[in-house]
Number of protein chains: 2
Amino acid sequence: MILRKIMNKAIKIFKALSDKNRLRILLMLTKKKLCVCEIQDILSITVSTVSKHLSILRDAGFILDEKDGKWVNYRLNTTSKDMILNQVILILPFYLNDDELIKSDLIKVQSVNRKNLCKI
Amino acid sequence: MILRKIMNKAIKIFKALSDKNRLRILLMLTKKKLCVCEIQDILSITVSTVSKHLSILRDAGFILDEKDGKWVNYRLNTTSKDMILNQVILILPFYLNDDELIKSDLIKVQSVNRKNLCKI
DNA sequence: TAGTAATTTCGCTATTAAACGAAATGATAT
DNA sequence: ATATCATTTCGTTTAATAGCGAAATTACTA
């Protein structure tokens, strides 16, 4: 029963990684925790789509959420015991380091500020 | 130009890994090189679908093909310089080792024989 | 308690991907 | 060279996924 789920877990992880915006989110979260509207601002897609991406990353085990006032902070899960998940989180920053889009995302992350962004 | 392709390469690799039959194929190829009809026999899907999966794995860099008489042998690419690709090939066997479907695939691989299978 | 703001969920549309069978291709062997 | 067989490509159908906007939810705050 449990054993038959191993491959499904792997597939869920790899599917989560198969989308450009989700890779961008993961890389941003290596720099700091972010709320939905901060991510929305950088990706330039709707807030509902961001929320969906975050739930896919959470289901796969990559990120955790925590309430912070009226915001929800999302951050990388650094406590997972999953071998693939840990390796990916380790390798991705090196791998995507030189990607132009990732580079500009990471610059924007430094100065993004939820207090200026929100009030949808 | 080239740099903008880094993320697309990553996405291609993760998409290739996001399918059950392709994971099964990769694991089988860790044991020995196989032709299309041998893989078809174990997966129980049509030969054209197997061929499509193999082309996706080849495009992502996971496997290589070589002619062998009237057959085409597919084998793992162990010469890649790609960081993600190498790590995945290293980790996957450990990760999927206990999956029941993978276990039965790997038993079947031992005795599969193209000479008995073919004549579609 | 009512209002407001952040986030999630729902319903929909458009695109992508997996599967099949049939036809085309490539290569061996008679 | 022709027949045969393994594989690939093509055309189609069906299922999954990313995106949007609107409605629902959750939780501060006035």
Side-chain angles (χ1 to χ4, degrees), chain A residues 7-8 11-26 29 33-60 63-75 101 112-120, chain B residues 7-8 11-26 29 33-60 63-75 101 112-120:
Chain A
M7 186 151 46
N8 291 333
I11 291 170
K12 188 178 276 193
I13 289 173
F14 291 130
K15 270 193 206 297
L17 294 165
S18 304
D19 179 90
K20 183 171 72 168
N21 285 327
R22 288 196 291 270
L23 289 180
R24 293 173 70 187
I25 291 171
L26 280 182
L29 293 179
K33 45 176 78 167
L34 294 166
C35 70
V36 175
C37 66
E38 289 172 321
I39 295 169
Q40 189 269 331
D41 181 61
I42 296 174
L43 296 185
S44 297
I45 56 179
T46 65
V47 122
S48 69
T49 303
V50 172
S51 179
K52 179 67 177 160
H53 282 312
L54 289 167
S55 81
I56 290 169
L57 288 170
R58 175 163 23 77
D59 279 5
I63 61 177
L64 301 170
D65 53 6
E66 57 197 6
K67 269 286 185 188
D68 172 24
K70 55 183 174 180
W71 290 285
V72 178
N73 280 327
Y74 283 91
R75 60 185 177 82
L101 189 53
V112 82
N113 184 342
R114 68 188 64 178
K115 302 230 168 71
N116 307 330
L117 289 174
C118 297
K119 292 185 213 310
I120 305 174
Chain B
M7 186 150 48
N8 291 333
I11 291 170
K12 188 179 274 193
I13 288 173
F14 292 130
K15 269 195 207 295
L17 294 165
S18 304
D19 179 271
K20 183 171 73 166
N21 285 327
R22 288 196 290 270
L23 288 180
R24 294 173 70 186
I25 292 171
L26 280 182
L29 293 179
K33 46 176 78 167
L34 295 166
C35 69
V36 175
C37 66
E38 288 171 321
I39 295 169
Q40 190 269 331
D41 181 60
I42 296 174
L43 297 185
S44 296
I45 55 180
T46 64
V47 124
S48 68
T49 303
V50 172
S51 179
K52 177 69 176 162
H53 282 311
L54 288 167
S55 80
I56 290 169
L57 289 170
R58 176 163 22 77
D59 278 4
I63 61 176
L64 301 171
D65 53 5
E66 57 196 4
K67 269 287 186 186
D68 171 25
K70 55 182 172 177
W71 289 286
V72 178
N73 280 327
Y74 283 91
R75 59 185 177 83
L101 189 52
V112 80
N113 184 341
R114 68 189 62 179
K115 300 231 169 70
N116 306 331
L117 290 173
C118 299
K119 289 189 214 315
I120 306 176

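Letters go in sequence order (proteins before strands), and every chain restarts at 1. Only a predicted model underlies this, so the values are computations on that prediction, with no experimental measurement involved.
The separation between A:Q40 atom CD and C:dT8 atom P is 13 Å, rounded to whole Å. If you measure from atom NZ of A:K52 to atom P of D:dG21, you get 18 Å, rounded to the nearest angstrom. One interatomic measurement links the two molecules: CZ of A:F14 to C1' of C:dA17, which rounds to 18 Å at whole-angstrom precision. Distance CD (A:E38) to P (C:dA6): 11 Å, rounded to an integer number of Å. With rounding to whole Å, B:I25 atom CD1 is found 12 Å from C:dA18 atom C1'. Between the CD1 atom of A:I39 and the P atom of C:dT8 there is a distance of 10 Å, given to the nearest Å. Straight-line distance from the NZ atom of B:K20 to the P atom of D:dA15: 16 Å, rounded to whole Å. Taking atom CD1 of B:I11 as the reference point, atom P of C:dA17 lies 11 Å away to the nearest angstrom.
Here D:dT8 is the nucleotide among D:dC20, D:dT8, C:dC20 with the atom lying nearest to any side-chain atom of B:Y74. Looking at the side chain of B:T46, the nearest of the listed nucleotides C:dT8, D:dT7, C:dG21 is C:dG21. Set against C:dA19, C:dA18, D:dT7, the side chain of B:H53 has C:dA19 as its closest nucleotide. For B:S48, whose side chain is taken as the heavy atoms from C-beta onward, the closest listed nucleotide among C:dA18, D:dA18, C:dA22 is C:dA22. Checking D:dG19, D:dT8, D:dT17 against every side-chain atom of B:S51, the shortest atom distance belongs to D:dT8. Nearest to the side-chain atoms of A:R58 among the listed nucleotides C:dT8, D:dA6, D:dA18 stands C:dT8. Checked against D:dT7, C:dC20, D:dA18, the side chain of B:W71 finds its nearest nucleotide in D:dT7.
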(message) Using the rule given for side-chain contact (heavy atoms from CB on, under 4.5 Å), can you reason through A:K20 versus A:L101, listing the C-alpha separation, both sets of side-chain angles and the distance that settles it, and then say yes or no?
(response) CA-CA 10 Å; A:K20 183 171 72 168; A:L101 189 53; 4.1 Å; yes

(request) Start with the C-alpha gap between A:D19 and A:K52, add the side-chain angles, then the distance that decides, and say whether salt bridge (Lys or Arg N to Asp or Glu O under 4.0 Å) holds. (result) CA-CA 12 Å; A:D19 179 90; A:K52 179 67 177 160; over 6 Å; no

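Put simply, CD1 on A:I63 and CZ on A:R22 are 10.5 Å apart, with the number rounded to the nearest 0.5 Å.
Side-chain contact between B:R58 and B:L64 is absent, with no heavy atoms from C-beta onward closer than 4.5 Å. Two residues are said to be in side-chain contact when any heavy atoms from C-beta on lie closer than 4.5 Å; B:L57 and B:L29 fail this criterion. Annotation: side chain of A:L54 is not in contact with side chain of A:D65 (no heavy-atom distance under 4.5 Å).
Residue B:K15 is in sugar-phosphate contact alone, with no base atom involved, counting any heavy-atom pair closer than 4.0 Å across all strands shown. Across all strands, A:I45 comes closer than 4.0 Å only to sugar-phosphate atoms, never to a base (heavy-atom distances). Nucleic acid contact for B:I56: sugar-phosphate only, since backbone atoms but no base atoms lie under 4.0 Å from a heavy atom of the residue. Residue contacts for B:L43: at a heavy-atom cut-off of 4.0 Å it reaches no nucleic acid atom on any strand shown.
A donor-acceptor contact shorter than 3.5 Å links the side chain of B:Q40 to the backbone of B:I45. The backbone N or O of B:R114 lies less than 3.5 Å from a partner atom in the side chain of B:E38, making a donor-acceptor pair.
For B:R114 and D:dC5, the shortest distance from a side-chain N or O to OP1 or OP2 is not below 4.0 Å.
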For nucleotides 24-28 of chain C, give me every protein contact, N/O to N/O, under 3.5 Å, one pair per line with atom names.
none

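Comparing A:N21 and B:S55 by the nucleotide of DNA chain D whose heavy atom lies nearest to each, the residue mapping closer to the 5' end is B:S55.
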